[in-house]
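Below: one structure, written as structure tokens.
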Amino acid sequence: MAVTSALPQVPHMGESIRMRKIVKKFKTVAGDVTVLKGVDAEFHPGEFVGVVGKSGSGKSTLVNMLTGIDKPTSGEVQIGDTLVHKLSESDRSRWRGLNLGIVFQFYQLLPVLSLLENTMLPMDIAGKIPPTERESRALDLLRQVGLEHDVHKLPAAVSGGQQQAAAIARALANDPPFIIADEPTGNLDSRTAESIFGIFEGLAAQGKTILVVTHDPQLAQRTSRTLLLCDGEVIHPAVAAALPWLSHPQMLRATHHSRPIHLDAGQSLAKTGETLEGVFVIVSGTLEQTHADSGEPLRLGANRILGHNAFLMGRPARAEVAAVEPSEVLLLDGAVYQDLAAHSSLRAELAKTGEDWL
Amino acid sequence: MKPWQSYLRPSWRKVLSDLIGNRTRTLLVVASIAVGVFAVGMIAGSYYIIPSDMNDSYSSANPANIQIQTRPFDENLIRAVERTRGVSSADGERTVSVRMKTPDGDWVSLSLIARTQPFAERIDLVKPLSGAVEPGKNELILEKRTAEKYSLGPGDVLELKLEDDSIRRMKIAGTAQDLTSGIGGMFNNTKGYISDESIEWLHEPYYFSRLLVRVAEGDNDPAAIQAVADNVKDTLAKDGYEIYQIQKNPTNVHPMESILQAIIQVLLYLGVLIVFLSGSLISNTLTALLNQHLPQIGVMKLVGAQRRQIIRLYLALILSFGLLSLVIAIPLGSWAAYALSDFAAGLINFPLRGFRIVPQAILIQIAIGLFVPLLAGIWPVVRGAGVTVDSAISGGSHMQEAPAQKSLVDQGLGRLRSLSRPLLISVRNTFRRKGRLVLTLLTLTLGGAIFISVFNVQVSLNHKIEQITKYFSADVNLDFNRPYPIHQVTALVRGVDEVVSVEPWAIGQANVLNEKDEVVDSLTLLGPPANSPLVTPIITEGRWIQADDKNALTVNEAFMRKVPGLKVGDTIRLKVGTRKADWTVVGIFQFTGINDLIAYSHYDHLARTLNYTASAAAYRITTLDHSLEGQTRLAQQIDARFRARGYDINSVEAGATITNSVTEYIGVLTAFLVVMALLTASVGSIGMAGTLSMNVMERTREIGVLRAIGAYDTMILRLVLVEGLLIGLISFVLGALLSFPITHVLADVISMAIFSAPAQTAFTLQGFVIWLGVVILLSVGASLIPARNASRMTIREVLAYE
Amino acid sequence: MMFEPTKLPLPVDASTPVAALTALHNPKPLLSLRQVVKVYPTRSGDITALKGIDAEFYRGEFVGIVGKSGAGKSTLTHMISGVDQVTSGEVWFEDTPVHTLSEDQKALWRGRHVGVVYQTFQLMPSLSLLDNILLPMEFCGTYQRGKSEERALELLRAVELEDHAFKKPSAISGGQQQRAAIARALANDPPLIVADEPTGNLDTATAETIFSLFETLAERGTTILIVSHDRSLEDRVSRLLTITDGELSEMRSLR
């Protein structure tokens, strides 16, 4: 048994999760498979983040790196002051019991324990909550998720939605700062899924950091931000937001062929008559475009595209674009963008970008 | 030729890969079946081999049908008996008691048996082993066990001390095996054979004391033998010979057969029990196997398999398990049957006909090896084959045997509020798969109960022996060939250091007479002093003899068999010496169950009847040191002391020798039982290991969940351990309880077989403690290994559900 | 590795140039569902997964059915492939009333007429790929020593797995396993393939090859029914249906 002093400290509310260059390879008989290809991500207190992507995109693996359920092949996972990947399996379990509430797709309640006992189990294991308070705390939590009338039932005697609610109560048992849920609504009908998300929203409002893996785009919209994964890489959120009609691999390709441009307030991005290198996507800040014909400038914020028409038609820019405030813009490689546009059957959608004056 | 011309059908390949693919499981199932099949093979084999070889060797030895002890006679009587109607041949036997010097320099008594017939034709043939077949004059043939015990062989010369203390040197001409005296030989197995020409050379008068007769016809028919015996009695009566003792035996039944058969029968019952236990084990394992295979069954149904095709497939798999176990268990069982028979042959002193296959035993093994697994597997297979594709494949959530209601056990346990949740999990998991738990508990409980019982039976039998030795409590038995005055002998014995007390005993042979005063049987009369501390009788009816008794007897239980309906208060007419009188039976005591008639009177009365006046031929001595070594040392001192003064000594023996040989005999018996105990224990162990590892494997996912919510290594190990220990301890408690009735039954059956009397059941902690240790070790081992593997799996693997 | 399914062993009507077109001239549907209702009793009350589905599918159609998790997609495939029993309503496969068949009859019918492909491949783990493909033939009584092995090898060649014929499923990648599963679905040359999220566990490039394989099959007259929550399937199918809370609606049709 490792010495207790080696155990990680409980992070205070307000600590963040940092993932740096996470690579995960699985050895299979058919050869190595790289499921995560150098993912960087940060999650902050009070954030309700949706981790989105198709099956096989690596989202579950990414979450497993966070929970310490699995170790990265390379890269660092830091939660508060703890380097999760450096802990031994057993210490990680202990750490997890105190700091993370995990919710699984298949609920994973222990079938032999009642809902109340399931909720008390993590308290018994971690020993953080004094024994005398455990039952009343568990009852409290179950009331919060609307199960006050079923506390003595066994999991098999309640519906899937109720089991998942109980699983959330269990995840909250030791009052962890982080809640991580892997497809928590994958097995539930849409109304139940709504209510589960409602619980999460409430928890985020209390200042907990919540990460939800889902492949349901509608539910993902209820989160405060999403992390979109494709084939083991993070798609730039601005790309995903600005070019929603692209398929995920296409978005990823766009992400690969882009570079960020930092603009100070007043700094110019494009000038009339200039031939564009590619297409711009506003990541943050505000840009102002001034058309040569109309004097009234138009301001654009995050996730807007600039230069689509000019670039695709191969004509020079027809407007001046400059930053109003310090801003960040993504420049998508022209050739790649052209190719993506050609392969997207929904070119018509692009016509809607009438506010793109370039 | 295409590579698949010799290719198996795919479904057969599945059977094959299921066999090879999961070796641990295959091993577990095959071992479960093989244990039962092995046990049955071993027992059934020896059940056939032992009695058949024993009786064969006995009947081939030309055994005496009638044996009569009478007063000394010569060849004239032998000729007269030979001429008697119905007699085929007759011979006289004389036993000369001498003492021989062992290679270690000790003096031990040696019985030299002389006959008139040439060895090759003699009644009670001895089987020549080495050297000469027939002893020449002044030579001897040494019996196998004596030769083996002292490592003597042909060519060795023995130094013998005769009755008159003169020394003779006799050459060993050869060795031979006694085929007929059976287990009786255990009590006096230092013996050799001499020619009748050597009797006088050993300073003994030429006469015979035992008459051996073979009948001409009906030598296997007790009635025919009885008829000839009556004729022989007439012949003897005509010449004025009175009969001390008479025994009648058919040719085809070894005298020990019934006892041995009874013991093997007990083993056979145990064997059946083991088969039953292994059956429940197999059923457990196969149920788990079918559960694991449900998804595969779903897939097969998905691609078109019908129920009967799936049933056929899995029955084929089960039969393959059976065949594999037969491959292991048949040779092992045959070998063990032979080893067990050899063991028994050594014990009873008969030669085996050599290793052989017993077809009946193998047929039984094949039947059991194939039938029992099929029987155990048919229900899980039929049920498994009925699974719907949907539930088998989409599996997971609604497939689990998750209880929706708490069982009664759980409700009961739920009231124990103080149990922490992790402990609750262990406790509830223990009772989760009730069918499996019941079968496991059944196996372990019965296995444990039998294991514990065997130890108890051993103690009970020892207890029995101890009781028997209470009739022989003397440390040294001093027997003269004629009576000597008590005060002389007592004074001399007391002169030896460490002697505590001396008792004179009156011992004599007597005849039982019928209403017409004809001799019908003979008995041994023992006359210790009334209230002798050296006899502690077990009185089953009536009372022990008292000082004021006249013509009163306490008789052994053999009388009950000879005279059915005999009860306390009845009279028996006896001829003691020359006096005929009615004796009253005042009590019945329990002895070893031998068929010889033994009765106790007290010294004063018996001595008067035998015309001893203040003298006795037998003295029983107690000493300070009760060990065999101490007794032997004192016996030698006493022997030397009396011989030096010219006393006519018959024998001086250490008391413990009797007990020792009986204990040895019982030890051999319990060795048989321990083999059975180990077999049942191993069935139990396999069952326990199997169940626990199946439990843990099925709980792999839950272990992952526990890890995910913070359970560290030691906690998970503890969870699994508690579950294993709980099962182990429940089975131990049940087994310990069950061992009480089983001990009673087993001890009684065996005791009836050996002693013809029910056992005095005794219990020993030993069996309980050893079994507890075994159970704890097993529980820990069988749950720790899979638990380690389970906790080593990363949670990702465990929770990978899709 | 880009995969081109060109060498598929052809069904009987392989001579038909574009089998899909025959569907237009063949008014008789291959499969029809009439008022199919499926109710799952659970401890917390009944759940109606399918609320009276009516649908007809024709030879050579490449049908996509999309819907969210819990919408009843998988239940629908179970009703079609007969792995589960309808609560009420009828499922007709040509002239066979599937809903009336016994479990065993359904197994045999399915083995001969429907190839089922699951998201999780569902290959027999203890058997080689070749044996996996032979198994349906054996169970349905179409196995002939030698000939069947030849056919199984051809199927494996068609999905470019002939080099792996004697490997166990665990020794190959997920995409390869799914191709083997498709080869197995084709073992008895069924007129209908039902696939439930066939690419759900595969990366984008591999999913692509699986789709091309289905396209080829559809072109040659096999009816393909794919159920998925992935809307990118929309572009590839000839007919698209959506299922929402147990009700089916036509989105786009070839007809």
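The sequence lines fix the lettering, A, B, ..., with proteins before strands; numbering per chain opens at 1.
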TODO: Just give me the residue among C/Gly141, C/Ser148, C/Pro125 that pairs up with chain B most often, heavy atom to heavy atom, under 4.5 Å.
DONE: C/Pro125
Open item on the list: Please find the pair of heavy atoms, one from C/Cys140 and one from B/Gly304, that lie closest to each other, and give the distance.
Closed with: SG-CA, 3.9 Å
- [ ] Find the one option among C/Asn188, C/Val114, C/Val116 whose heavy-atom pairs under 4.5 Å with chain B are most numerous.
- [x] C/Val116
TODO: List the atom of B/Gln309, the atom of C/Phe139, and the distance in Å for their closest heavy-atom pair.
DONE: NE2-O, 2.9 Å
TODO: Please report the closest heavy-atom contact between B/Lys301 and C/Arg110, naming both atoms and the distance.
DONE: O-NH2, 2.7 Å
Task: B/Gln306 side, atom CD; C/Glu103 side, atom CD - distance, nearest 0.5 Å - done: 11.5 Å
Task: Which portion of C/Arg112 sits near chain B, non-hydrogen atoms under 4.5 angstrom - done: neither
Open item on the list: To the nearest 0.5 Å, what is the distance between OG on C/Ser128 and CZ on B/Arg13?
Closed with: 6.0 Å
Task: Reported CG-to-CD distance for the pair C/Leu135 and B/Gln296, which is rounded to 0.5 angstrom - done: 10.0 Å
- [ ] Applying side-chain contact (heavy atoms from CB on, under 4.5 Å) between B/Pro10 and each of C/Met137, C/Glu138, C/Met124, report the one that passes.
- [x] C/Glu138
- [ ] List the steps, then state whether side-chain contact (heavy atoms from CB on, under 4.5 Å) holds for B/Val299 with C/Arg184.
- [x] CA-CA 11 Å; B/Val299 173; C/Arg184 181 183 64 185; 3.2 Å; yes
Open item on the list: How about OH on C/Tyr40, more than 12 heavy atoms from neighbouring residues, nucleotides or ligands closer than 6.0 Å, or not?
Closed with: yes
- [ ] Measure the CG-CG distance between B/Leu16 and C/Asp131 for me, rounded to the nearest 0.5 Å.
- [x] 10.5 Å
Open item on the list: Please check: side-chain N/O of C/Ser126 versus main-chain N/O of B/Ser17, any donor-acceptor pairing under 3.5 Å?
Closed with: no
